[in-house]
Every structure is written in structure tokens, then in C-alpha cells.
*Asks:* 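Here it is, the structure, as C-alpha cells.
Computed over heavy atoms, backbone and side chain alike; hydrogens, waters and symmetry mates excluded. Residue numbers begin at 1 in each chain, while the letters A, B, ... track the order of the sequences.
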2 protein chains.
Amino acid sequence: MNPTKTADSRREQILREAARLFAERGFHGVGVDEIGAAVGISGPGLYRHFAGKDAMLAELLVGISGRLLTAGKMRVAEAAGPAEALDALIRGHIDFAIDDRPLITLHDRELDRLRDSDRKLVRQLQRQYVEEWVAVVRQVHPAAGESEVRAAVHAVFGLLNSTPHIGERGGLPGRTVMAALLHRLALGALDALDGLDSTGNWRVTY
Amino acid sequence: MNPTKTADSRREQILREAARLFAERGFHGVGVDEIGAAVGISGPGLYRHFAGKDAMLAELLVGISGRLLTAGKMRVAEAAGPAEALDALIRGHIDFAIDDRPLITLHDRELDRLRDSDRKLVRQLQRQYVEEWVAVVRQVHPAAGESEVRAAVHAVFGLLNSTPHIGERGGLPGRTVMAALLHRLALGALDALDGLDSTGNWRVTY
DNA sequence: TCATCACGTTAACGCTCGCTAACATCCGGG
DNA sequence: CCCGGATGTTAGCGAGCGTTAACGTGATGA
């Protein structure tokens with residue numbers, strides 16, 4: 001009665017390959033035949049699993065936005081204090097950025113290819129995720145103004161999401177080293193908020 | 001004899017609108033008719049100025065890569081010391097990110113839509129720009145290893161390029177405040193390159 | 001005056017692509 | 001044994017898009 005097992009594995013296989021291809025060549029740059037070929041079936045066979053190409057992108061983007069948000073909320077709830085919450089948020093985001101590289105790429109690249117309702121949903125999830133970060137960062141750096149913190153959070157997202165832009169070439173740090181590096185860079189960037197007052201002006205201390 | 005005046009203004013108008021549209025909806029998501037309409041002519045009239053749609057993208061990407069590189073080199077050459085050079089690099093990149101928002105977006109989004117030769121050229125210019133940064137950052141933070149610095153530079157690019165991802169909504173800092181904020185965030189992130197061994201386990205070995 | 005050139009126009013071609021239609025195959029349960 | 005559903009296949013339609021062709025038109029200058 002419930003065919004979720006095998007059917008979902010097929011669906012998920014398609015989604016995984018579609019995410020990779022979309023991230024590599026863009027949503028419009030990939031044809032359904034290519035996606036089909038990537039999972040061993042060809043072209044229109046995909047329509048047994050998805051209503052259309054748009055539906056795949058929608059499911060991918062809604063999925064990752066939701067997972068980022070729920071994981072973030074869970075980590076914050078489990079944290080002992082604000083600093084630990086921020087640590088956990090950063091660590092979680094890095095895991096996403098490194099392990100789900102194609103999805104992160106899609107997430108801030110192809111959002112506007114969605115139907116209005118889906119795009120609204122994704123935007124709402126994204127916004128909640130940002131607010132989760134903003135609340136935590138404001139507790140750790142109470143001197144900074146809200147709009148500066150929000151901009152800083154976006155900037156840190158850009159920093160953490162930079163891994164997809166780096167080629168896989170040999171001269172780069174491995175996963176563990178890279179994760180630790182990004183973690184420290186993010187914390188260092190946010191530490192710079194302590195010198196700012198609520199108007200964004202540099203508070204002169206020297 | 002030299003028709004650069006009016007011809008170039010038309011060409012540049014087309015390039016500006018094409019950059020905006022490409023950044024908004026992606027290279028494949030914009031039709032030549034739309035680009036033409038954006039400058040008041042329609043469709044194939046563009047072919048009086050460009051060999052094709054690809055040529056517009058190529059000129060945009062080669063142009064911005066080259067301008068970033070030459071501006072960076074000039075700023076470094078004029079700087080009094082490493083710290084001032086880093087300051088100037090950051091300031092210059094922020095100017096690009098804020099003022100040429102569509103181009104920055106294109107720059108790390110549509111690179112693979114180029115012909116092989118153009119893509120190679122853009123990649124080479126990008127790499128030289130990165131190396132310019134790496135050399136300066138290594139002087140300011142000599143304790144960090146080269147591959148970590150390179151990854152950190154990419155991460156800082158992600159941070160500085162985050163402005164395009166932020167909506168134009170009202171609750172955000174204005175240009176001046178935003179530029180100052182990004183500047184401090186970038187410096188703060190790079191400061192984290194010092195004292196990396198405080199966590200013990202991942203000091204440079206390569 | 002009139003050839004020339006810069007700069008546009010519209011019509012149409014050819015190709016790609018998303019998607020549907022119609023048909024095949026396997027497979028579990030009455 | 002056979003019905004029916006799940007899951008593919010290939011053929012083909014229809015729309016959109018980049019590009020070319022053929023033509024118009026107004027300014028320029030010998």
C-alpha cells in the first residue's frame with residue numbers, strides 16, 4: 001500500500017542528480033533527457049515520478065530551505081547558551097555547504113525560476129532561518145544594531161557558501177581543515193560587530 | 001573616422017541592460033527580444049552591435065574580470081604597505097560589489113556558459129586577482145599557510161559579494177554604512193587567520 | 001544628386017526542449 | 001492464467017529561441 005520505500009529511493013536518486021546538474025549548468029541549461037540519462041532512464045520516463053522539470057526544482061529548494069531551518073532551530077534549542085548556539089548554527093551551515101554543495105548553489109541561484117507560491121514558501125523559510133541567526137548573533141553581540149546584524153548574517157552566509165566556488169583542485173584544505181577554517185573565519189567576521197554601535201558607525205576606542 | 005563615441009554608448013547601453021537581465025533571470029532565461037526591448041530596439045537589431053548573445057556575455061565577463069584585476073594591481077602598487085594594500089583591495093572590491101551588482105552576480109554564476117577560450121581567459125584573470133589578494137594577505141598574516149589563505153580569500157569574496165543576495169528592502173543599511181560594515185567584517189574574518197593553532201589540531205603542514 | 005553607410009525593421013528558418021500519447025514489460029495477487 | 005498497476009520506451013507535437021535574410025530609411029559627403 002505504501003510504496004515510499006523503493007519509489008522514494010528512485011525519486012531521491014533523480015533529485016540528487018538533478019541538483020548536481022542544475023548546479024553545474026543552471027536550471028535552463030539542463031534538459032530532461034540529461035537528467036534521465038544520469039539515472040539510467042531516458043527523457044520522458046521522469047514524468048512517472050515528477051509532474052515536470054519545475055516540480056523537481058521546487059522540491060529541491062523547498063526541501064533544503066526547510067531542512068536548513070529545522071536543523072537550525074533544533075541546534076539552537078539544544079544549545080547551552082548563545083555562544084554555543086552560534087557555534088552550532090555555524091557548524092550546521094558548514095555541513096550543508098560542504099556536503100550538499102549543489103543544493104547550496106541552487107539555493108541562492110535559481111530561486112526565481114519557481115512558481116509564485118513555491119517561491120514565497122522558500123523565501124519565508126529562508127527568512128525564518130535568517131531571523132534564527134539574527135536572534136542568536138544579537139545575543140552574542142548586543143552592541144550592534146539589528147539591520148547591521150542582518151546584513152552581517154547575510155555576509156557570513158556568503159562566506160560559508162563560498163566552498164562551491166572553489167574548484168576541487170589539489171592545493172586546497174581537506175574537509176576537516178576547511179570546516180574548521182570557515183568556522184573561525186565566520187566567528188572572526190562576526191566579532192567585528194562588537195566595534196559598531198547601533199547606527200553602524202565605528203565606535204572610536206583608540 | 002573613430003566612431004567610438006556614439007557607437008560605444010549604444011554598445012554600453014546594451015551591455016548594461018543585458019547584465020541586469022542576465023543577473024535577474026539567468027543567461028538562458030533572457031531572450032534577445034527582451035534585451036532589445038530594454039534598450040528600445042527590437043530583437044535582431046542587436047546583431048548590428050554584437051555577433052550574438054554569447055558575445056555579450058563574454059564581453060561582460062572578460063570586462064569585469066579584467067577591470068577587477070587591473071584595479072586591484074593598481075591599488076596594491078599605490079599602497080604604502082601590506083595593511084594599506086589589503087585595505088585598498090577590500091575597498092575596491094566592495095565598490096565593485098555594490099555598484100556593479102549585476103556584473104558581480106554574473107561573474108560567479110554564468111562563467112561556464114562561455115566558449116572555451118573566453119572561459120579560460122576569464123579564469124586566468126580571476127586567478128591572477130586571487131593571487132594578488134593571497135600575496136597581500138600572506139604579508140599581513142604571515143603565520144597562516146598558503147592553501148588556508150587562498151581558501152580564506154575565496155571566503156572573503158563570498159562575504160563581500162553577499163550584497164546582491166540581499167533584497168533592496170528598507171530595513172537595510174545604506175551604501176556608506178554597508179561598505180564600512182563589509183570592510184570590517186572582511187578584516188575581522190581575515191584576522192581569524194592569526195592564532196589558528198589555538199585550537200591545536202590543524203596547524204599548517206603542507 | 002545620389003551612392004554609401006549606420007542602424008533598424010519584419011519575416012521566417014531551424015533547432016532545441018518540455019511535455020504528451022501510445023505502446024511495451026515486468027510482476028504480484030485473486 | 002490473467003488483470004492491473006508501476007515503470008519504462010519511442011515518436012512526435014508545439015512553443016520558444018537564436019540567428020539570418022531581405023528590406024527600409026535617414027544622415028553624410030563627394
Side-chain angles (χ1 to χ4, degrees), chain A residues 1-61 106 110 112-116 118-119, chain B residues 1-61 106 110 112-116 118-119:
Chain A
M1 277 301 161
N2 194 346
T4 47
K5 189 89 164 300
T6 61
D8 273 2
S9 90
R10 190 53 143 181
R11 272 179 71 89
E12 282 161 17
Q13 183 191 13
I14 294 172
L15 285 176
R16 205 169 40 243
E17 295 302 308
R20 185 179 54 82
L21 290 168
F22 289 162
E24 280 173 8
R25 295 205 283 285
F27 179 69
H28 290 291
V30 179
V32 290
D33 291 352
E34 275 178 284
I35 304 173
V39 299
I41 72 182
S42 258
L46 295 170
Y47 287 74
R48 297 289 172 195
H49 304 275
F50 292 93
K53 200 180 155 194
D54 298 348
M56 301 181 206
L57 182 64
E59 191 158 328
L60 284 171
L61 293 186
L106 279 189
E110 310 278 4
D112 17 320
R113 256 59 103 201
L114 258 52
R115 284 174 30 228
D116 273 20
D118 289 325
R119 187 171 56 247
Chain B
M1 281 298 159
N2 193 347
T4 47
K5 191 93 164 296
T6 60
D8 272 5
S9 91
R10 188 54 140 182
R11 272 179 71 88
E12 283 160 17
Q13 184 190 11
I14 293 172
L15 285 175
R16 202 167 43 242
E17 295 302 310
R20 185 179 54 81
L21 290 168
F22 289 161
E24 280 174 6
R25 296 204 284 285
F27 179 69
H28 290 291
V30 179
V32 290
D33 292 352
E34 275 177 284
I35 303 173
V39 299
I41 73 182
S42 260
L46 297 170
Y47 286 75
R48 297 290 171 196
H49 304 275
F50 293 92
K53 198 181 158 194
D54 297 349
M56 301 181 205
L57 182 64
E59 190 158 329
L60 284 170
L61 293 187
L106 279 190
E110 311 276 4
D112 17 322
R113 254 61 102 200
L114 258 53
R115 282 173 33 227
D116 272 20
D118 289 325
R119 186 171 55 245

*Asks:* Please report the distance, rounded to the nearest Å, between CZ in A/Arg48 and C1' in C/dA22.
*Replies:*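 Result: 10 Å.
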
*Asks:* Taking atom C1' of C/dC19 as reference, at what distance in whole Å does atom CD1 of A/Ile35 sit?
*Replies:*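 A/Ile35 atom CD1 is separated from C/dC19 atom C1' by 13 Å.
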
*Asks:* Rounded to the nearest 0.5 Å, what's the gap from CG on B/Leu61 to CG on B/Leu106? Could you check?
*Replies:*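 That separation rounds to 6.0 Å.
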
*Asks:* Reckon A/Gly52 touches a base, only the sugar-phosphate, or nothing at all at heavy-atom distances under 4.0 Å?
*Replies:*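 The residue A/Gly52 makes sugar-phosphate contact but no base contact.
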
*Asks:* Quick one: CD on A/Glu24 to CD on A/Glu34, what's the gap to the nearest 0.5 Å?
*Replies:*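 Reported to 0.5 Å precision, the distance equals 9.5 Å.
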
*Asks:* Tell me, with the steps shown, if B/Arg10 and B/Arg48 meet side-chain contact (heavy atoms from CB on, under 4.5 Å).
*Replies:* CA-CA 11 Å; B/Arg10 188 54 140 182; B/Arg48 297 290 171 196; over 6 Å; no

*Asks:* Answer yes or no: does a side-chain N or O of B/His28 lie under 4.0 Å from OP1 or OP2 of D/dC17?
*Replies:*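 B/His28 to D/dC17 OP1/OP2: no side-chain N or O under 4.0 Å.
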
*Asks:* Indicate whether OP1 or OP2 belonging to D/dG8 is found under 4.0 Å from a side-chain N or O atom of A/Arg10.
*Replies:*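 Yes.
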
*Asks:* Go through D/dG8, D/dA21, C/dT20 for me and flag the one nearest to the A/Pro44 side chain.
*Replies:*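 Comparing D/dG8, D/dA21, C/dT20 against the side chain of A/Pro44, the answer is C/dT20.
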
*Asks:* Closest nucleotide of DNA chain C for A/Ala51 versus for A/Glu34: which of these residues is on the 5' side?
*Replies:*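 Per heavy-atom nearest nucleotide, the more 5' residue is A/Glu34.
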
*Asks:* Apply side-chain contact (heavy atoms from CB on, under 4.5 Å) to the pair A/Glu110 and A/Leu60, showing each step before the final yes or no.
*Replies:* CA-CA 11 Å; A/Glu110 310 278 4; A/Leu60 284 171; over 6 Å; no

*Asks:* Would you kindly give the OH-to-P distance between B/Tyr47 and C/dT9, to the nearest whole Å?
*Replies:*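 These atoms are roughly 14 Å apart.
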
*Asks:* Figure out the CZ/P separation between B/Phe50 and C/dC7, and round it to whole Å.
*Replies:*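 One finds 12 Å between P of C/dC7 and CZ of B/Phe50, rounded.
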
*Asks:* Over all strands shown, is A/Gly45 touching base, sugar-phosphate only, or nothing at heavy-atom distances under 4.0 angstrom?
*Replies:*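 Since a base atom lies under 4.0 Å of A/Gly45, the category is base.
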
*Asks:* In whole Å, what is the span from the CG atom of B/Leu46 to the C1' atom of D/dC17?
*Replies:*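 Rounding to the nearest Å, CG of B/Leu46 and C1' of D/dC17 are 13 Å apart.
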
*Asks:* Using whole Å, what does the distance between atom P of nucleotide D/dG8 and atom CZ of A/Arg11 come to?
*Replies:*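 Nearest whole value for this atom pair: 13 Å.
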
*Asks:* Measuring from atom CD1 of A/Ile35 to atom CZ of A/Arg20, what distance do you get when rounded to the nearest 0.5 angstrom?
*Replies:*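 So the gap between those two atoms works out to 10.5 Å.
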
*Asks:* Starting at atom NZ of A/Lys53, determine the distance to atom C1' of C/dC17, rounded to an integer number of angstrom.
*Replies:*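 Spelled out: NZ on A/Lys53 to C1' on C/dC17 is 8 Å.
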
*Asks:* Take atom CG of B/Asp33 and atom P of D/dG16, then tell me their distance rounded to the nearest Å.
*Replies:*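 Interatomic distance, CG of B/Asp33 to P of D/dG16: 12 Å.
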
*Asks:* Within the 4.0 Å heavy-atom criterion, would you say B/Val30 contacts the bases, only the backbone, or no part of the nucleic acid?
*Replies:*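 Sugar-phosphate: the residue B/Val30, judged by heavy atoms under 4.0 Å, touches backbone atoms but no base.
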
